[in-house]
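Throughout, a chain's letter reflects where its sequence line sits, starting with A, and its residues are numbered from 1. Basis for what follows: all heavy atoms, side chains included, without hydrogens, waters or symmetry-related copies.
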Protein chains: 2
Amino acid sequence: MKEKATSFDIAHIAGVSQSTVSRALNNSPLVNLETRQRIQQIARDLNYKVDKNASNLRKQKSNTIALLLFEDPTSDDSMINPFFLSMLGSITRACATAGYDLLVSFQNLDDDWHAEFEDSNKADGIILLGYGDYTAYRTKLAQLEEQGTHFVRWGAHDENHPGVSIGCDNYQGGRDVTEHLIGLGHKTFAFIGDAQSHAPEFQARFMGYQDALKKHGLLCANHRQFNAISTEDAGYEASQLLLNEDNLPDVIVCASDLIALGVLKALRQTSFRVPEDVAVVGYDNIPVSAFATPALTTVRQNTKRAGELLVTTLIKAINKEPVEDYLMPAELIVRQSCGSK
Amino acid sequence: MKEKATSFDIAHIAGVSQSTVSRALNNSPLVNLETRQRIQQIARDLNYKVDKNASNLRKQKSNTIALLLFEDPTSDDSMINPFFLSMLGSITRACATAGYDLLVSFQNLDDDWHAEFEDSNKADGIILLGYGDYTAYRTKLAQLEEQGTHFVRWGAHDENHPGVSIGCDNYQGGRDVTEHLIGLGHKTFAFIGDAQSHAPEFQARFMGYQDALKKHGLLCANHRQFNAISTEDAGYEASQLLLNEDNLPDVIVCASDLIALGVLKALRQTSFRVPEDVAVVGYDNIPVSAFATPALTTVRQNTKRAGELLVTTLIKAINKEPVEDYLMPAELIVRQSCGSK
DNA sequence: CTGAAAGCGCTTACAG
DNA sequence: CTGAAAGCGCTTACAG
């Protein structure tokens, strides 16, 4: 392994000063075109690469974005929520396009994640991805904002939340899927998924759902909603509670596909058929949802677009351009699990 | 946003020299315990974080690993092969455990990826993930090795390949699944998936498959193998070729689950039933495989373990400890798509 | 146990 | 258009 070349080595070979080498490699028009090309050629020959640590240190900028995936402590030890996983591709690509590197890390919600990446100058800004307890989360966001950290998060739009967010219209999604179910002639409904303020995405989906039912006079007094975080297990367990009740609703609306998968699993162990006896719908359109039996009717959030927006918005913030929240429309995906007319 | 504190600020407040601050923050036993604690407390109060660029530059080490995902140019623009995606979780976690940061990037196989990350001191080593044309790939690996770059790749064990690899026994996996199918009474077989040397993983699976057939005298003269890269589309298209043939085999063995998914899709458009008329098996045990209709019999490669091994092996290599190839056993997962006795 | 000093490899005013 | 010099914020011999 040869010693790594430095800009001084190149300067020596080219017979110019190191300053000129640095300028030439950064394509500065200040440097004579011919010497610039000569220097660049030498750099190529030597397989020279600018030392990022040195250049970042000097420029006080890293051209790196940190992606923090935080999770509920309950989720599996090495699995990432498939919904967030599906954003990773476009985030990575958007970063590459913009000339940023991407640092990925998990973050336990309980951890002390004071924007370590930005504070240590390893990253210029942070993307936050994850469903977690919003109450705890909020405090940390406020802290980040106070420190002047650049960050963008995926999540619910909220008038007074700290920082900027990119999200999908959860209220509209919940309403649309419910309207569709009502149009299909279903009359009795149940909802599985957390619907408190600590899970604002799910809560918004639930509100949309509830309002659609109300509008059609279908929100009966004994309507049931079961709490569940976004895992298959939680969906399975909530289903047991629901199955212990006297009568099954026409439809089980789930706050996420993962929950719906758990519901389907629970129903498979009963004599009830989906969608004949009971319809089931999910939310997120994770890859597996199309392959479930029956294929899940769900609500798609455009993850490709989301990833791009997350990155471009963060970069704007880093460059001190004005940024604002963005709410993407949700898109109903009708498959078999909701039944048909 | 307050100015970021430096070690000099802390030194000033603590009334010691900056060297002492640096030592104290690195927990050096050289520093008096009491002053050490006092300095650490001040650092905490100031929300001070060591500047990574400066410390990396000085130490000539970044404590960062770069993960390069390279792909066939044909694959979708923002999707990552789900098999590799499933390693990401354990890789991320293993890095965190070892105190390394993780840089993630895509790499087009055609690109000029001369270990830029390590050369520029942004990373101490590289993990390579992807199925690609091995012929082109090999040359680049040799180049990396020559440059003294630390890298570990996921892939086929190969006596004379450059660098170190962590992989799963593809030959054994191909053989085991085929033996199982033979035990089920199936007599005629076809294989879908590339089986040339430019795709060594698939080739090894094919060899195991072929040897199992030979052993039982079932490798007939007109045995058919259809090329396909690892995508659903390729599997679908290869199926069309197969369906145009005179007679359908008892089993279609696919070199990957993605291919098998395409095969199932193609068969769904015919009157043939799986597994009654034709059995189908995949390879990889990607999340979707369990949800396919019928659920895919497949071969599992332990991705959690793989991710951990990739990281720990690379770190050993970075620390100049001896490392060697590791071949994990493959594990047959029997589900419905292979039929039963 | 502590401090003064050198230096990691760049970028960028400043001067010419 | 080019060079000499300062300095980004650390770590770590070296000296005491």
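D:dC10 atom P lies 15 Å from atom CG of A:Asn56, rounded to whole Å. Rounded to a whole Å, the NZ atom of A:Lys52 is 11 Å from the P atom of C:dC10. For the pair A:Arg38 CZ and D:dC1 P, the computed distance is 14 Å after rounding to whole Å. Spacing between atom CD of B:Gln60 and atom P of C:dA6 amounts to 19 Å, rounded to whole angstrom units. Rounded to whole Å, the distance from CD1 on B:Ile10 to P on D:dG9 is 13 Å. As rounded to whole Å, 13 Å separates atom C1' of D:dC8 from atom CG of A:Asp51. Between B:Asn63 atom CG and D:dT11 atom P there is a gap of 12 Å when expressed in whole angstrom units. Protein atom NZ of B:Lys61 is 16 Å distant from nucleotide atom C1' of D:dC10, rounded to whole Å.
Contact annotation: B:Ser7 side-chain N/O to D:dG9 OP1/OP2 distance is not under 4.0 Å. A sub-4.0 Å separation between OP1 or OP2 of D:dG9 and a side-chain N or O of B:Ser55 is absent. Using a 4.0 Å cut-off, some side-chain N or O of A:Tyr48 falls inside it from OP1 or OP2 of C:dC10.
Within residues 15-34 of chain B, the residues having any heavy atom closer than 4.0 Å to DNA chain D are, in order of number, B:Gln18, B:Ser19, B:Ser22, B:Arg23, B:Asn26.
Contacts of A:Asp325 classified as side-chain contact (heavy atoms from CB on, under 4.5 Å), with partners at least two apart in sequence or in another chain: A:His157, A:His161, A:Val164, A:Ser165. Listed by chain and residue number, B:Tyr100, B:Ile315 satisfy the side-chain contact (heavy atoms from CB on, under 4.5 Å) test with B:Ala98 (two or more places apart in sequence, or in another chain). Residues passing the salt bridge (Lys or Arg N to Asp or Glu O under 4.0 Å) test with B:Lys122 are A:Asp101, sequence neighbours excluded. Shown here are the side-chain hydrogen bond (donor to acceptor under 3.5 Å, both in side chains) partners of B:Gln37, two or more places apart in sequence or in another chain: there are none. Listed by chain and number, the residues in a side-chain hydrogen bond (donor to acceptor under 3.5 Å, both in side chains) with A:Ser62 are A:Asp124 (sequence neighbours excluded).
Taking the nucleotide of DNA chain C with the nearest heavy atom to each of A:Lys59 and B:Leu57, the more 5' of the two is matched to B:Leu57.
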Pairing annotation in dot-bracket form, given for DNA chain D with Watson-Crick or G-U pairs under 3.5 Å and | for cross-strand partners: |||.||||||||.|||

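Rounded to whole Å, the P atom of C:dA13 lies 23 Å from the corresponding atom of C:dG9. Taking the P atoms as reference points, D:dC14 lies 23 Å from D:dC10, given to the whole Å. Between C:dC1 and C:dA5, the two P atoms lie 24 Å apart (nearest whole Å).
Here salt bridge (charged side-chain N to carboxylate O under 4.0 Å, His left out) pairs that include residues 10-35 of chain B, with residues two or more places apart or in two chains, are B:Glu34-B:Arg38.
In this structure, A:Ala5 and A:Leu46 approach most closely via the heavy-atom pair CB-CD2, 3.9 Å.
With rounding to the nearest 0.5 Å, the separation of NZ in B:Lys316 from CG in B:Leu309 is 8.5 Å.
Between B:Ile127 and the options B:Leu67, B:Leu69, B:Leu68, a side-chain contact (heavy atoms from CB on, under 4.5 Å) holds for only B:Leu67.
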Using residues 14-22 of chain A as the side-chain source, report each donor-acceptor pair under 3.5 Å to any protein atom, sequence neighbours left out, with the distance given to one decimal.
residue : atom : partner : partner atom : Å
A:Ser17 : OG   : A:Ser19 : N            : 3.4
A:Ser17 : OG   : A:Thr20 : N            : 3.3
A:Ser17 : OG   : A:Thr20 : OG1          : 3.2
A:Gln18 : NE2  : A:Ser7  : OG           : 3.1

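Closest contact between the side chain of B:Arg58 and the listed nucleotides D:dG9, C:dC10, D:dT11 involves D:dT11.
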